[in-house]
Structures are given as C-alpha cells and as structure tokens.
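Labels below follow one simple rule: chain letters A, B, ... track the order of the sequence lines, proteins then strands, and each chain is numbered from 1.
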Amino acid sequence: MDYNFREIEQKAIEKWKAENVYKVEYPSTKPKFYVLDMFPYPSGAGLHVGHPLGYIASDIFSRYKKLKGFNVLHPMGFDSFGLPAEQYAIQTGQHPAKTTVDNIKRYKEQLSKIGFSFDWEREVSTADASYYKWTQWIFCQLFEHWYDKTADKAKEIKELIAIFEQEGNLNVAAACGDNTNKFTAPEWTSFSEMEKSDMLMQYRLAYQADSWVNWCEGLGTVLANDEVKDGFSERGGFPVEKKKMSQWFLRITAYAQRLLIGLETLDWSDSMKEMQRNWIGKSIGAMVKFEIKNHSGFVEVFTTRIDTIFGVSFMVIAPEHELVDLISTSEYKEEIKAYQKYCNTRTDTDRQSDVKNVTGQFLGAYAINPFNGVEVPIFIADYVLIGYGTGAVMAVPSGDQRDFLFAKKFNLPIIPILDTQISIETEANPTKEGKYINSDFIDGLEFKAATNKLIEALEIKKIGYGKVNFRMRDAGFSRQRYWGEPFPIFYENGIPKLLELKDLPLELPEVISYKPAGSGESPLSTATKWVNELGDGKTRETDTMPAFAGSSWYFLRYMDAQNDNEFVSVAAQQYWQDVDLYIGGTEHAVGHLLYSRFWHKFFYDKGLVSTEEPFKKLVNQGMIQGRSLLTKENQIKGISGGLNVPINLADNKDRLFKDKLVYLSKNDNRFENIDVEKDVNWEENENGQFILLQNEVEKMSKSKYNVVNPDDIINEFGADCFRMFEMFLGPIEQHKPWDTQGIGGVSRFIGKLWRLFNFDENGNAHFSTTKGDDEAYKILHKTIKKVTEDIERFSFNTAVSAFMICVNDLSKFKLQDKNILSDLVLLMAPFAPFTTEFLWEKLGNDVCILKQGNWPIFNESFLVENLINYPISFNGKVRAKLDLDAALSENEIEKIVLENENVIKILDGKAPKKVIVVKGRIVNVVI
RNA sequence: GCCCAGGUGGUGGAACUGGUAGACACGCAGGACUUAAAAUCCUGUGACUUUUAUCGGUCGUACGGGUUCGAUUCCCGUCCUGGGUACCA
C-alpha cells in the first residue's frame, strides 16, 4: 500500500471529530498549560504560508504537553477590527462586518486543513458585539479608576471624590495631568459640575485631553505617521498638517514603573525586554526653570544632565510650544510663522531622523541661566517635539551632538565643561568622566557629586527639583474611524458620562458612507439618529477605539469565551492563570505586548485576575518572506524600476518575455501606458525579446504578487509534509525566504517512514513483536533524547532532522521492532498528526494518540559508549583522531596521546609546550 | 536618526555552556534498476593546492582588530539586511 495523504487526512479528521479530541477539559484535575498564538487579522488576501509558522510551532508544543499529561488550552480567534476592512468598505461600499465574516470563514477553512488542535468552541472575534461588550466594559472600568501612587495601585474614582470632599487634592499622590491645580475641600464643593468633571479627567485612567494629530484636510481625516510622506498623504497626495484635537487617552504612564520591574519576572528574550525598557525609557534627572528676560514666564526643561548646566549656550523649544507667541519679539514674527508652518508639515519621525538638515529660528527672546545669570537666546527647532517631556531643552553643544550641530549652524558658543572633553571643535563629547571646568561652584567635582550638589541647589532656590522621567507617553485611544468599538460614552451638557453595563454592548450604527465625516469627526457622527437617540440633548461619543483595544485582553476571554455575565469568570481565570507560552512576531514588541501587560496589571489591582503578568514565556517567530521579481531601472521608459511582476509570468531564469508584458499591460494598471514596441529596452535570444527581472526577498503581500497559499502546498504534498517542512526551514525565530524547492526532501522522508511499516497490498503493516537489535534501541533513544530536548528549547528544525537521521538509520533493518515503531510514532505525533494517527491505529491502538498515548521515556543505558573518538588538535587545529577508553583520566589520555605514532610524526621532534585535555571532548597540543 | 535582531558552502540551515565548522536537507554531477520515464536506491559535492592515485597542506563562519591553549560562539570598531519608532496589524 502506498502513502496516500488524502485518505489518511480524511480518516484522521473523522476520528478526531468522533472522539471530540480537541475539546478542552474544564473543570479538570490535571495540571494546566496555556499555549497562545498571536491571533491574526483576517485580511482579504487569505492566509499565506507565513501565518502558520508560529501556529505549527505552538501546535507541536501543545500536542507534546498533552502527551506529557497536561490539560492544554490552545485556542484561536481573530483580531477583526482594523483599517484594511474599513478601507475596503470605503472602496466597495460593502459592510466591513460582512467582509470580515467572509474572511474569517476562509481563514478557518485554511487553518482546519493544517490539522491544528484548536478548540473552536472557544473562538473569539474582537468585532463581535458579544466580545466588544466586554472591551467597552473594561473601558468603563478604566474611566472609573485613578492611580494611587501611595498604595501603588488603581482605585475607584468615588474614593477620590471622597478625599476631595474631605481635604481637596492637597495631599493626594496620584498619577495625574502635569498642570493639575491644587484645591481645598471647600473649593471642590464650590466647583460646578463641569469643573468637577474637568478636574476628575486629570485623574481618570481613561481620560480626554487635547493632542496634536496628523490632519489631512483633503481626505478629511487623521492619518498615522506611516500614511504621511514628506508632508503629504500617501493616498491621494494631499497636504498634511499638525492639528490639535480632543482625544481619549489611557494613563499607561501610571504603570510605567511596574511595567519596567515586571519585566524581570518574565521568561522573554533579553532583546524583547530591552525594547520594552527603552520604550518605557526611565531616566533620572531634574526639572529646571529658566526665567525669561523682560517677561514674567519661564521655560521649564527636564534634563538628565543637570551637571552640564554651565555649558548651556542656548535654549530650544518645540515650534508648537505655547510660549512661542508670548515671548517672541515682533521683528522675527514672520520668520517664526514661516518656520512653524514648515514644521507643521513634518511628522515626528521625520523631525527626529533628519539630523543632516539643521534648521531652527531665533525668537528674539533670552532665557536666564538660574545658576550664573548668563542670558542665552531661545530658539524653536523641529528636533524638539512638543509631546516629549516639557517640549523644551537646555542646549549644551559641548556634550550633545545635535546641540553641537545647531550651535555650529547658528554661531553659538560651545563651552567645554569637563577637563576630559577634547577636540570639541569637531564634535560633541558626551562624557561623564573627569572634573568640571567653567562651572562655577561645581568646578573640580566629578559627575555624581556635581549632580547631587546641583539638585540640592535647585531645591533650595526653588527653581527645580530632582525627577524621574519616563519617555513613554499615555496611549492615544481615539480613532476617527468606523470599524472599531464605539465608546460607551455619552455627553450631557458637554460632560462625558458612562453607559451602564446593562446598556452594553453599544453596537456600531449603520452609516451611509464609511468615509470620514470630513470635519475631523468620525464616520459615526453622520449616524445622527444613533448619536441623539438617548434624548434630552444627550449625544453619543462618535470616536471609536483603536485596534489594540480588543487585542489587549483576548487571552483572558479564551479562558471563558462564552460567558455572558462576566468578561471572564473568577473560577476559570484561577484555573488557567496566565499564558505559559506565547508565540508571535517581534513587530508587537512594544505595542500589543505593553498594552496587554498594562491592562492585566489594572485587572490585577481590581482583583479580577490572580496573576500580575499575562505572558510568562514568549517566543518570537520570524517572518517568512516571499521571493518577488521586479523590473530594473531603465528597462521600461516612464517606469522608474522596482515594479513587482507576477512570478508565474517569468521563466525560470527570471526573464519576462514580450507576450507576457503585453498581458500585464492589459491587466495591471501600473503597466497600462506602456508601448511594448517603443518604451521597452528589450534583450533578445532565440525565443524572442525579453527583459531580465531582478530577484528580491520581501514581506509577503498581495500587491507584490509573491504570496504563497498553504492550500496549494497541502494539495500537492499533504498537511503533515507542509507542517514538517515549515519547521525544517530553519529556527522558528529567524526570518527566512519561502522556497518550496526543499519540500521534496521532507516528502521523501515521510515516504521512508512509511516504508518502515512494510505495508502489504491489503494495507497490513508488518513488524516484529520480539525485542529487536540493541543498535535499533540506541537509535531510538538517541532520538527520544534529542527530540525531547529540541522541543523544550523550541528548536523544531533540528528535531525534524533528528527524525530524518533516525529513519535513515532504522531503514537498514529489514523488519522493525513494534516497540520502536510505537515510540517513534509518538515522538512524531506532534509534528505529523495525520500520518501518525493512521500508523498508531495500524500498530493496534483503537483510541486516538492524544487520548491514549504517553510521551516516550528516555533510557540512558542504551546510549553508554565505551570508546570516545577524541580529536587531537595542535594549536587549535585538528590534525589527528584517536579512539580512547571513556574511563581514562586526563593524565592517562595525555600520556597515550604523546606516545601515539601520528602525534610524534606531527610533533616532528619538537617538545609540546603544553597539553590540554578536555575529558570526553578534545585534546589540544600546544607547540 | 534612535532602539532591537540577523549576516556560516551554489541554497535552507547545524554546531545547545569557548572545544572536530558545514549535521540534516535542497540543488548539482556520476552510477544502479527500467525498453523508456517516473519513483526508489548508491556515490561524490566549501575554496584553493599537492599527488599517477592515495596520504596530505593552506585558507575559510559579512569586514577590520582584540582576548584565549583554542573563537561561528566573548570584547571593540565598520559595513549591509530586516523589525519597531506611538493612528498598519
């Protein structure tokens, strides 16, 4: 009987269905294990071969853990709110809910073919009202809480109101807005309802504030930085400018310190933790006030280098800073306006990355150094961002390269402040070594002493104070989009108020057009009936939540996916606790993974979950890239090169022939204006005219014509081969290009495995039931050891090659030992579930592997070696080998080696300086 | 720009804690079986060099330095590629 994967897959699917094998046990007395994949966004392009990489890895681990006796939760769902669906809706008029449901259906069909052990009864989809009901409820909880710095946890707003009524906010240590005024209890009582609401906004964990956004008048909407290119929208090419708008925010900064220290408890890669640390960006420094000459105000700056304050030769504030209009003098008004206009068109990313173009504008005003009274000019410059710190910096050109370049450009003094700063004529020297010079009362001191003395002086003079600052900002939570969760908020007399739980979910209204309203308001604002349906002049909030809202807590919902009364029940959460293994890409390093940790800590404060961190272990999978073919420069007139061409149109030498280009010019509008006779720089051979395309490895995407669909691979080679091939490609965490050329090797391997069973034409396997060769057992146990270790360290590619070695080695025996075949089938079950299920039955088992099987136990006694093949190296180069008794001591080995004929020959009469023996590994003779 | 990761044969990759660089595959070349093809199996395969053939030798893990008896692995510097950079998910 030949290997027929179609039949085998069909049989296995029926068996699993009949035994309901993937239904998660709950309640259960077994130890739990929670394996989670980052759920996909169901895009219109369908699943490509990159998606399953992580899912296969997590599925292997889940099945392995099940065989080891754990109760495993391994769910799947869909992150179904997002811009692409909305963009598609705008273009086609189709409701995003419809396309989303269609896409999910397609994803599920594709996923089901790969043989994942998902329990689909626990599926979640963030765009389902039954799910986003709880996302909205969580928002309500955040709105109703503030952060008590003394208790270091979130508390209910009503407790804060009680404190305000008792003693105002004079003694409250809370995470709050920067300019929160102090008030007493009587003052609080005298506040209007609006004033009270505004004051509480300064404290809520979900709050409203003004912020700068990329506004595109032409599109009538707010854009992400990556949708803006050189001051124009990427779509349509309309001008983009900065605009101040009222937005919802989440006060993630309240949790900055806990998010930082929590990292220490996690089993994540150091690089991943480092990225989060850098994003949180804790810095210890000082706030300093600089008075302004002939003006009552002051410039406040945060600096981590207060020790350099005597090197300050100018100040720079952000072009959007509110002081600009107040302190600038009339003679510069026009230049300032022009410069602000220029900055207004640039994104924050552009403003920070462009270090070659130094620009700025003098305001005509001067700040006064609080320590030595020196007057320094105040500039605006685009490298200072309004959203960072105070939006102002004290510039020290001798120590900071950006300040240095600025000083050079505007001919400002560069004052050395440390005796170790040399050659500061050519570049800044940010050193902290040495003793201070030109620095008044800290002259001669070193960094630490100087810093302490200056902070003390600041606090005595009441012009500043030592401060811990975080680079991380509060999370913007408003989107002026249609396809997101509506806020459970309505306004009464301009005051935002919450809906009650019984009124949730607040479902998205139908709208005529998914386009933005154009006024800066979201498309929801056009649903006037919905907006006003509460009556009494009450209006609904029309912004929607961002995509990270739904994904910040979905891992909890899987624990209790169908609960209508709670977001997750206490009992379910206490059993499943947290995610033991989370697999996903590094692109979520600081977005999703930080927001989820923040929400989880908030739930922990509320007593809603029993763990402080959601994801114990994190494994990052790399991206599978596609091979694409692109046109080259000067090949086609009027086309600048780099246009993607479908791979199947080119021949195997990457040549695109004339008839194919004609086809393309009719079917792809990027090519439609080409005159194939005149515009193309053809090369020619006996088959006709062609252009030679260039090969490139890129991210898989529909528009690049390089998407590979797993369905095609599965149809040709079977699901098990696909699974093993994806794992065999390389380490899970590495990026790698997709190349099906190697798949034949895996397919042949499965064939060899099949042949070990000696199937006859009636489909009966033939094996021996008496104990076989010791050597066969050695092969098996070597494999048990290797595969178990490899799975534990997520090295699936080497596990697959261990199987190949095992099957190759066993192939030399005519008839296999049944026990060996059984253990091999069990070892391979996580990797190739369909084939192994079939073989398991052929070995005489009735119940499926996951219910009946146990992970094989490694027995060291089969692996004992009496001889060790020692490499003998000379100065680190291996030049001889020697089989030696494993029991020999270092001294005995050295003696035997030096007496060896070959060694004597290589030594050629020279006496070795030293002999290093590493027992069981290597001998190194130093000449 | 800043933060993080990666760079090993023609290709994907292995070498887990500093101890035989290239496991396992792909591709390629040659051979067996076959009327032929497919399938399967066997042999060889980093580069250079020596030799009738062996036995050997030299170089070699992006590049330039360093530490070490010994470096793909640790340290310093450079180049290139990928991810993130706060409204793509």
Measuring only the [atom1] atom in each nucleotide, how far is [N] from [M]? A whole number of Å is fine.
N: B:C4; M: B:C48; atom1: P; answer: 41 Å
N: B:C26; M: B:G77; atom1: P; answer: 42 Å
N: B:U49; M: B:C55; atom1: C1'; answer: 14 Å
N: B:G10; M: B:G6; atom1: P; answer: 23 Å
N: B:A38; M: B:U50; atom1: C1'; answer: 44 Å
N: B:U17; M: B:C74; atom1: P; answer: 10 Å

Counting the atoms with a prime plus P, OP1 and OP2 as sugar-phosphate, which does [X] contact under 4.0 Å by heavy atoms, base, sugar-phosphate, or nothing?
X: A:Met472; answer: base
X: A:Gln247; answer: base
X: A:His588; answer: base
X: A:Gln734; answer: sugar-phosphate
X: A:Asn225; answer: sugar-phosphate
X: A:Arg755; answer: sugar-phosphate
X: A:Glu274; answer: sugar-phosphate
X: A:Ser43; answer: nothing
X: A:Ile916; answer: base
X: A:Pro731; answer: sugar-phosphate
X: A:Val590; answer: sugar-phosphate

Q) With syn defined as a glycosidic torsion within 90 degrees of 0 and anti otherwise, which applies to B:G12? A) anti
Should [N] form a Watson-Crick or G-U wobble pair with both distances under 3.5 Å, which nucleotide is its partner?
N: B:A38; result: none
N: B:C69; result: B:G19
N: B:G44; result: B:C28
N: B:G1; result: B:U85
N: B:G6; result: B:C80
N: B:G60; result: none

Ignoring the backbone of [X], work out which of [options] is nearest its side chain.
X: A:Tyr388; options: B:G12, B:C69, B:A86; result: B:A86
X: A:His735; options: B:G82, B:C4, B:G84; result: B:G82
X: A:Gln352; options: B:G83, B:A15, B:G1; result: B:G1
X: A:Trp279; options: B:C4, B:A86, B:C88; result: B:A86
X: A:Tyr41; options: B:U11, B:U85, B:A89; result: B:A89

Q.
Is there a side-chain contact between A:Arg879 and the phosphate of B:G57, meaning an N or O under 4.0 Å from OP1 or OP2?
A. yes
Q. Looking at A:Thr349, does any N or O in its side chain come under 4.0 Å of the phosphate oxygens OP1/OP2 on B:A86?
A. yes
Q.
Between A:Asp739 and A:Asp348, which residue's closest nucleotide on RNA chain B lies nearer the 5′ terminus?
A. A:Asp739
Q. Starting at the 5' end of RNA chain B, which residue's closest nucleotide do you reach first, A:Arg473 or A:Pro40?
A. A:Arg473
Could you check whether [Y] and [X] have their ring centres less than 6.0 Å apart?
X: A:Phe238; Y: A:Phe232; value: no
X: A:Phe796; Y: A:Phe728; value: no
X: A:Phe717; Y: A:Phe722; value: no
X: A:Phe598; Y: A:Tyr255; value: yes
X: A:Tyr131; Y: A:Trp553; value: yes

**Q.** Interatomic distance, A:Trp268 atom CH2 to A:Lys273 atom NZ [nearest 0.5 angstrom]
**A.** 9.0 Å
Q. Does the pair A:Lys812/A:Asp809 count as a salt bridge with the N-to-O cut at 4.0 Å?
A. no
(Q) So that I can tick it off, tell me whether A:Asp543 and A:Arg481 are bridged by a salt bridge, with the cut-off set at under 4.0 angstrom between side-chain N and carboxylate O. (A) no
Q) Should we count CG of A:Asp2 as having more than 12 external heavy atoms under 6.0 Å? A) no
**Q.** Under-3.5 Å donor-acceptor pair between A:Asn924 side chain and B:C69 base
**A.** yes
Q: Take A:Tyr595 and A:Phe548 through the test ring-ring contact (aromatic ring centres under 6.0 Å, His included) and record every step on the way to the result.
A: CA-CA 8 Å; A:Tyr595 296 129; A:Phe548 74 77; 3.8 Å; yes
Q | Protein-to-nucleotide contact annotation, 5' to 3' order, nucleotides 20-33 of chain B [B base; S sugar-phosphate only; - none; under 4.0 Å, heavy atom] | A | B--BBSSS------
